[in-house]
Q: 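I am attaching a structure below and will ask some questions about it afterwards.
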Amino acid sequence: MFIKKIRSYIGDVSLIFFGAAVTSFGIYNIHQQTGITEGGILGFMLLINHLFNVSPSVITPILDIGCYILALSFLGSSFIKRSIISTLSV
């Protein structure tokens with residue numbers, strides 16, 4: 001039972017790392033290079049980066065904290081743990 005939970009956790013974290021790598025690649029190589037933006041937190045992060053030249057690695061965690069506060073009340077602590085891993089990965 002314990003080994004099954006560890007494998008599940010490792011699988012979840014591996015998928016989070018893969019998703020963070022794809023997102024980071026897209027942010028740097030597509031969105032920032034072409035000036036195309038998105039909506040939501042990603043779009044707001046790119047806008048702040050463009051207007052004030054602040055690194056996305058600084059902006060994203062700051063913006064995510066506000067989202068974490070809302071998510072904690074609606075989605076619970078399990079979601080928050082995975083989101084923190086994702087944010088730190090990006």
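Here the structure is a predicted model, which means the values were calculated and not measured.
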Q: Please check if Ile59 and Leu88 belong to a single hydrophobic cluster, counting links between Ile, Leu, Val, Met, Phe, Trp and Tyr side chain heavy atoms closer than 4.5 Å.
A: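 No; tracing contacts between hydrophobic side chains, which count when under 4.5 Å, never links both residues.
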
Q: Quick check: is Phe25 connected to Phe18 through a chain of hydrophobic side chains (ILVMFWY, heavy atoms under 4.5 Å apart)?
A: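 No, Phe18 does not connect to Phe25 through the hydrophobic network.
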
Q: What's the shortest heavy-atom distance between Ala20 and Ser89, and which atoms?
A: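 Closest heavy-atom pair between Ala20 and Ser89: CB-CB, 3.5 Å.
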
Q: For the residue pair Ile80 and Ala71, what are the closest heavy atoms and their distance?
A: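 Nearest heavy atoms, Ile80 then Ala71: CD1-CB, 3.9 Å.
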
Q: Under 3.5 Å, is there a donor-acceptor pair between the Ser78 and Arg82 side chains?
A: yes

Q: So which heavy atom on Pro56 is nearest to which on Asn49, and how close?
A: CD-ND2, 3.5 Å

Q: For residues Val58 and Ile48: do they belong to one hydrophobic cluster (side chain heavy atoms under 4.5 Å, members Ile, Leu, Val, Met, Phe, Trp, Tyr)?
A: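 Same hydrophobic cluster.
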
Q: Has the side chain of Ser73 got a donor or acceptor atom that lies under 3.5 Å from a matching backbone atom of Leu70?
A: yes

Q: Nearest 0.5 Å, please: how far is OG in Ser83 from CG in Leu75?
A: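 If we round to the nearest 0.5 Å, Leu75:CG and Ser83:OG are 8.0 Å apart.
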
Q: Does Ile84 share a hydrophobic cluster with Leu63, counting links as ILVMFWY side-chain heavy atoms below 4.5 Å and allowing steps through other members?
A: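 Not linked; separate clusters.
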
Q: Do Ile41 and Cys67 come close enough that some side-chain heavy atom pair is under 4.5 Å?
A: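 Of all side-chain heavy-atom pairs linking Cys67 with Ile41, at least one is under 4.5 Å.
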
Q: With a 4.5 Å limit on heavy-atom distance, are the side chains of Phe79 and Leu72 in contact?
A: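 When only atoms from C-beta onward are counted, Leu72 and Phe79 do not touch, as no gap falls below 4.5 Å.
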
Q: Rounded to the nearest 0.5 Å, how far does CZ of Phe44 lie from OG1 of Thr60?
A: 11.5 Å

Q: Do Ile85 and Phe17 come within less than 4.5 Å of each other through their side chains, counting heavy atoms only?
A: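 They are in side-chain contact.
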
Q: Should Phe52 and Met45 be regarded as members of a common hydrophobic cluster, given that ILVMFWY residues are connected when their side-chain heavy atoms come within less than 4.5 Å of each other, either directly or indirectly?
A: yes

